[in-house]
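These values consider heavy atoms only, across backbone and side chains, with no hydrogens, waters or symmetry-generated copies.
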Amino acid sequence: MQNGTLLAAVDLGSNSFRLEIGRVDHGQIHRTEYLKEVVRQGNGLDSSRNLTPEAMQRGWDALARFGERLAGFKRSQVRAVATQTLREARNRDEFLLRARTALGFGIDVIPGREEARLIYQGVAHMLPHSDLSDRERRLVVDIGGRSTEMIIGRALEAQVMESYRVGSVAWSMKHFPQGQFTATAFRAAEVAAKAVLDDALSTYASDQWDVAYGASGTIGAVGDVLTASGAEPGVVTRDGLDWLLDRLLKAGSVDKLRMDGMREDRKAVIGGGLSVLRAVFDLLDIREMKIAQGALRHGALYELLERDDSVADLRTGTVTRLATRFATDAAQARRVGETASALYVQLDPAARGGSTTSRAGRALRKLGWAAQLHEIGALVSHSDYHKHGAYILDNADAPGFATNELHQLSQLVLGHRGKLRKLEASLDDETFVAQLVALRLAVILCHARRDPDTQGLRLAKPDARTFSITCRASWPDAYPQSAHLLREEALAWQKTGWRMLLSGG
């Protein structure tokens, strides 16, 4: 990417929304602007796990302000990611529909492990690089509003990642609902946090890492308070946590809390955050934790910088691993993928080559991934395998993929055969429909599980909601079963708002 290019990352966290803008300089990104808005969406989930209208409005207002600052940025220069609150919210689609309009860019809801991976990337890129530091085994911990991520890695590679549903906002609401700090409340909060984090004990035990780093949010806020008290800057220790707990207990409540180094917006969630951090220190036998400068938003920025290569390779590797794990027929996946790609390029010649710098090229690459995974559900059962495949993709850990991106793949897998009514909600998306047509036709043409004869076969889109298939005169007689399946396919599309016309032969 050219030096001087501006890149922007938006982090829709449970406590705060953040906008980080940086300028590319010889492979590094230097901050030019940073905006933070305390939105507290994490405490805006009601008992049915729906975002309240007030919480949604706070989010939309913040994103509209970010969107004004991002005016003039290209799509390739911005990445927006949403985390635990929107992973949980049952009405997240309602929020995201207006949120994307307010921001002016797409928003990816990322799975917990993907959030952990990006956090590690942000931390690792912001640390000094040397032979010694690149050999150290790192534990990275990020305590957010509604989730806590833990990662073990070396250099720029995250090796073990997990996300736990425990965080500063959630724990403050549950254990300090009136803002009262008592020893009983802290004991209960720590015990509850350890119960959630207990699975981390074996994976992240102290013999598995050399240096512990704390990223963002709670840990940064605790570090600021300890530094203001005269403690060593940039480090959180057990003694420091004990001292901070004592100060909170003496204050007795959020309203009476007065501490140098603590921002007003952090006071309401410090009780929950400190409880989780103390639980992490105890469980993993941490003596001290260094405060990292990098965070989720920095990981998103560096992936924008490297997106054409590293992220494409990561997602391609993820797809390959899933295909291998579920024992798909590699030869059939290849022939369906090649046929689907050739058909899609006929519809959109700009997609040729699959360049990630164009929307058409990205759509072609995603179509290839869907073809590679279209039979992934067959290992569960051949009956309704397309439904099993869609379920697997909607629930799989898939490094590199956002939740909504993986869902698009699942819908292509779900729709590659059978009735189209089940995809009615997606059939207004022209790109998705073009991908779906290409994939369904490829599956039909490859039904005999051998390379199809597509010579003289032409797919076009003569008007906005019509597809046409033209073949040479002798083709239907040479391939009567394929011709029959194409006629059935045309009938299937007649039941939607789209048409498919057949001609030739």
A.B. asks: Determine whether a donor-acceptor pair (N or O, by modelled atom type, separation under 3.5 Å) exists between the side chain of Ser168 and the backbone of Gly273.
C.D. replies: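 Side chain of Ser168 to backbone of Gly273, a donor-acceptor pair under 3.5 Å: no, none is there.
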
A.B. asks: Do the charged groups of Glu114 and Arg87 touch, with an N to O distance under 4.0 Å?
C.D. replies: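 Arg87 and Glu114: not salt-bridged.
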
A.B. asks: Can you give me the closest heavy-atom contact between Trp60 and Ala102, atom names plus distance?
C.D. replies: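 Closest pair (atom of Trp60, atom of Ala102, distance): O-CB, 3.9 Å.
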
A.B. asks: Got a second to check how far Ile29's CD1 is from Ile21's CD1, nearest 0.5 Å?
C.D. replies: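 It comes to 12.5 Å.
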
A.B. asks: Can you tell me if Lys461 uses its side chain to pair, donor with acceptor, with the backbone of Ala464 under 3.5 Å?
C.D. replies: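 Between the backbone of Ala464 and the side chain of Lys461 there is a qualifying donor-acceptor contact (under 3.5 Å).
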
A.B. asks: Counting only heavy atoms not in Tyr391, do more than 12 fall under 6.0 Å of its OH?
C.D. replies: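 No, because the 6.0 Å sphere around OH of Tyr391 holds 12 heavy atoms or fewer from other groups.
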
A.B. asks: Which of these passes salt bridge (Lys or Arg N to Asp or Glu O under 4.0 Å) with Glu489: Arg440, Lys419, Arg499, Lys495?
C.D. replies: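 The residue from Arg440, Lys419, Arg499, Lys495 that satisfies salt bridge (Lys or Arg N to Asp or Glu O under 4.0 Å) with Glu489 turns out to be Arg440.
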
A.B. asks: Consider salt bridge (Lys or Arg N to Asp or Glu O under 4.0 Å). Of Arg31, Arg79, Arg69, which one does Glu20 pass it with?
C.D. replies: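 Exactly one option meets the salt bridge (Lys or Arg N to Asp or Glu O under 4.0 Å) with Glu20, and it is Arg31.
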
A.B. asks: Check Leu97, Ile107, Thr403 against Arg92 for a side-chain contact (heavy atoms from CB on, under 4.5 Å) and give me the one that passes.
C.D. replies: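 Output: one option passes, namely Thr403.
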
A.B. asks: Quick check for you: to the nearest 0.5 Å, what is the distance between Met161 atom CE and Ile151 atom CD1?
C.D. replies: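 Met161 CE to Ile151 CD1: 8.5 Å, rounded to 0.5 Å.
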
A.B. asks: Judged by atom type as modelled, is there a donor-acceptor pair below 3.5 Å linking the side chain of Glu190 to the main-chain atoms of Ala279?
C.D. replies: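 No, because the side chain of Glu190 does not come within donor-acceptor range (under 3.5 Å) of the backbone of Ala279.
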
A.B. asks: For the residue pair Ala360 and Ala350, what are the closest heavy atoms and their distance?
C.D. replies: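 Answer, listing the atom of Ala360 first, then Ala350: CB-C, 3.9 Å.
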
A.B. asks: Under a plain distance cut-off of 3.5 Å, with no hydrogens placed, do Asp61 and Gln57 share a side-chain donor-acceptor pair?
C.D. replies: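 On atom types as modelled, these side chains qualify, holding a pair under 3.5 Å.
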
A.B. asks: With the side chain counted from C-beta on, respond yes when Ile270 and Val222 share a heavy-atom pair under 4.5 Å apart, and no when they do not.
C.D. replies: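 Yes - at least one pair of side-chain heavy atoms lies under 4.5 Å apart.
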
A.B. asks: Does any part of the side chain of Trp498, heavy atoms only, come nearer than 4.5 Å to the side chain of Leu420, both counted from C-beta?
C.D. replies: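 Heavy-atom side-chain distance check fails, nothing below 4.5 Å.
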
A.B. asks: Would a 4.5 Å heavy-atom cut-off, applied to side chains only, mark Leu284 and Leu197 as touching?
C.D. replies: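 Counting from C-beta outward, Leu284 and Leu197 never come under 4.5 Å.
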
A.B. asks: Out of curiosity, Tyr344 OH to Thr431 OG1, how far, rounded to the nearest 0.5 Å?
C.D. replies: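 Interatomic distance, Tyr344 OH to Thr431 OG1, rounded to 0.5 Å: 5.0 Å.
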
A.B. asks: Can a salt bridge be assigned to the pair Asp265 and Lys36 using a cut-off of 4.0 Å between side-chain N and carboxylate O?
C.D. replies: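 Yes, this pair counts.
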
A.B. asks: Would you check if the side chain of Arg297 reaches a backbone N or O of Ala9 as a donor-acceptor pair within less than 3.5 Å?
C.D. replies: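 No, Arg297 side chain to Ala9 backbone: no donor-acceptor pair under 3.5 Å.
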
A.B. asks: Hey, does Leu412 have a side-chain heavy atom less than 4.5 Å from the side chain of Trp369?
C.D. replies: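 When only atoms from C-beta onward are counted, Leu412 and Trp369 do not touch, as no gap falls below 4.5 Å.
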
A.B. asks: Do Lys174 and Trp171 form a cation-pi contact, if we require the NZ or CZ to be under 6.0 Å from the six-membered ring centre and within 45 degrees of the ring's axis?
C.D. replies: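 Yes.
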
A.B. asks: I want to check something: taking the side chain as every heavy atom from C-beta on, are Ile110 and Arg117 in contact at a cut-off of under 4.5 Å?
C.D. replies: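 Counting from C-beta outward, Ile110 and Arg117 never come under 4.5 Å.
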
A.B. asks: Looking at every heavy atom in both Leu156 and His129, which two are closest together, and how far apart are they?
C.D. replies: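 Looking at all heavy atoms of both residues, the closest pair is CD2-CE1, 3.9 Å.
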
A.B. asks: Is there side-chain contact between Gln411 and Gln435, with heavy atoms separated by less than 4.5 Å?
C.D. replies: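 A side-chain contact is absent here, since even the closest heavy-atom pair is not under 4.5 Å.
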
A.B. asks: Pair Ile392, Leu379 - check side-chain contact (heavy atoms from CB on, under 4.5 Å), show working.
C.D. replies: CA-CA 11 Å; Ile392 289 169; Leu379 187 66; over 6 Å; no

A.B. asks: Any donor-acceptor pair under 3.5 Å linking the side chain of Thr148 with the backbone of Tyr164?
C.D. replies: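 No.
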
A.B. asks: Drop me the distance from Asp25's CG to Thr5's OG1, to the nearest 0.5 angstrom.
C.D. replies: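 Asp25 CG to Thr5 OG1: 11.0 Å, rounded to 0.5 Å.
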
A.B. asks: Do the side-chain N and O atoms of Ser163 and Glu149 include a donor-acceptor pair separated by under 3.5 angstrom?
C.D. replies: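 Yes, a side-chain donor-acceptor pair sits under 3.5 Å.
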
A.B. asks: Stepwise, does the side-chain contact (heavy atoms from CB on, under 4.5 Å) test hold for Phe326 with Leu373?
C.D. replies: CA-CA 9 Å; Phe326 288 92; Leu373 297 173; over 6 Å; no

A.B. asks: How far does CG of Leu301 sit from NE2 of His298, to the nearest 0.5 angstrom?
C.D. replies: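 Nearest 0.5 Å value for the CG-NE2 distance: 7.0 Å.
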
A.B. asks: Does Thr318 use its side chain to pair, donor to acceptor, with the backbone of Pro399 at less than 3.5 Å?
C.D. replies: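 Such a contact is found between Thr318 side chain and Pro399 backbone.
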
A.B. asks: Any sub-3.5 Å donor-acceptor pair from Ser48's side-chain atoms to Asn50's backbone N or O?
C.D. replies: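 Such a contact is absent between Ser48 side chain and Asn50 backbone.
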
A.B. asks: Assess the residue pair Glu162 and Thr203 against the criterion (side-chain contact (heavy atoms from CB on, under 4.5 Å)); give the C-alpha distance rounded to whole Å, side-chain angles, the decisive distance to 0.1 Å, and a yes or no.
C.D. replies: CA-CA 10 Å; Glu162 194 52 85; Thr203 307; over 6 Å; no

A.B. asks: Is Arg266 close to Asp224 at the side-chain level, that is, under 4.5 Å between some pair of heavy atoms?
C.D. replies: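 Not in contact.
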
A.B. asks: Please report the shortest heavy-atom distance between Arg18 and Tyr34, naming the atom on each side.
C.D. replies: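 In this case the closest contact between Arg18 and Tyr34 is NE-OH, 3.0 Å.
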
A.B. asks: State the CD1-CD1 distance between Ile143 and Ile219, to the nearest 0.5 angstrom.
C.D. replies: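 With rounding to 0.5 Å, CD1 (Ile143) is 4.5 Å from CD1 (Ile219).
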
A.B. asks: Is any NZ, NE, NH1 or NH2 atom of the basic residue among Arg154 and Glu136 found under 4.0 Å from an Asp or Glu carboxylate oxygen of the other?
C.D. replies: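 No.
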
A.B. asks: Looking only at heavy atoms, which two atoms of Glu405 and Gly400 are closest? And how far apart?
C.D. replies: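 Shortest heavy-atom separation between Glu405 and Gly400 comes out as OE1-O, 4.0 Å.
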
A.B. asks: Within 45 degrees of the axis of the six-membered ring of Trp209 and under 6.0 Å from its centre: does Arg137 put its NZ or CZ there?
C.D. replies: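 Here Arg137 fails the 6.0 Å and 45° test against Trp209.
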
A.B. asks: Apply side-chain contact (heavy atoms from CB on, under 4.5 Å) to residues Leu127 and Arg138 and explain how you reach the verdict.
C.D. replies: CA-CA 11 Å; Leu127 287 172; Arg138 297 167 178 158; 3.7 Å; yes

A.B. asks: Decide, yes or no, whether a salt bridge links Glu37 with Arg58 under the criterion of side-chain N to carboxylate O below 4.0 Å.
C.D. replies: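 Salt bridge between Glu37 and Arg58, a charged N being under 4.0 Å from a carboxylate O: no.
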
A.B. asks: How about CD on Glu68, more than 12 heavy atoms from neighbouring residues, nucleotides or ligands closer than 6.0 Å, or not?
C.D. replies: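 No.
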
A.B. asks: Any donor-acceptor pair under 3.5 Å linking the side chain of Thr32 with the backbone of Arg23?
C.D. replies: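 Not at all, since once roles are kept as given, no pair shorter than 3.5 Å links the two residues.
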
A.B. asks: Have Asp429 and Ser426 got a donor and an acceptor in their side chains that come within less than 3.5 Å?
C.D. replies: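 Judged by distance alone, the side chains do not pair up.
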
A.B. asks: Could you tell me whether a side-chain N or O of Gln77 sits under 3.5 Å from a main-chain N or O of Leu6, the two making a donor and an acceptor?
C.D. replies: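 Yes, the answer is positive, given that a donor and an acceptor are paired below the 3.5 Å cut-off.
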
A.B. asks: Tell me whether the rings of His386 and His416 are parallel (<30°), tilted (30 to 60°) or perpendicular (>60°).
C.D. replies: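 Rings of His386 and His416: perpendicular, as their planes differ by over 60°.
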
A.B. asks: Ignoring hydrogens and angles, state whether a donor on the side chain of Glu115 or Tyr120 is under 3.5 Å from an acceptor on the partner side chain.
C.D. replies: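 Per modelled atom types, Glu115 and Tyr120 side chains form no pair under 3.5 Å.
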
A.B. asks: If only atom types and distance count, is the side chain of Tyr204 paired as donor or acceptor with the main-chain N or O of Met150 below 3.5 Å?
C.D. replies: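 Between the backbone of Met150 and the side chain of Tyr204 there is a qualifying donor-acceptor contact (under 3.5 Å).
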
A.B. asks: For a 4.5 angstrom cut-off between non-hydrogen side-chain atoms, does Val276 reach Thr218?
C.D. replies: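 Heavy-atom side-chain distance check fails, nothing below 4.5 Å.
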
A.B. asks: Quick one: closest heavy-atom pair of Leu427 and Arg465, and the distance?
C.D. replies: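 So the two residues come closest at O-NH2, 3.9 Å.
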
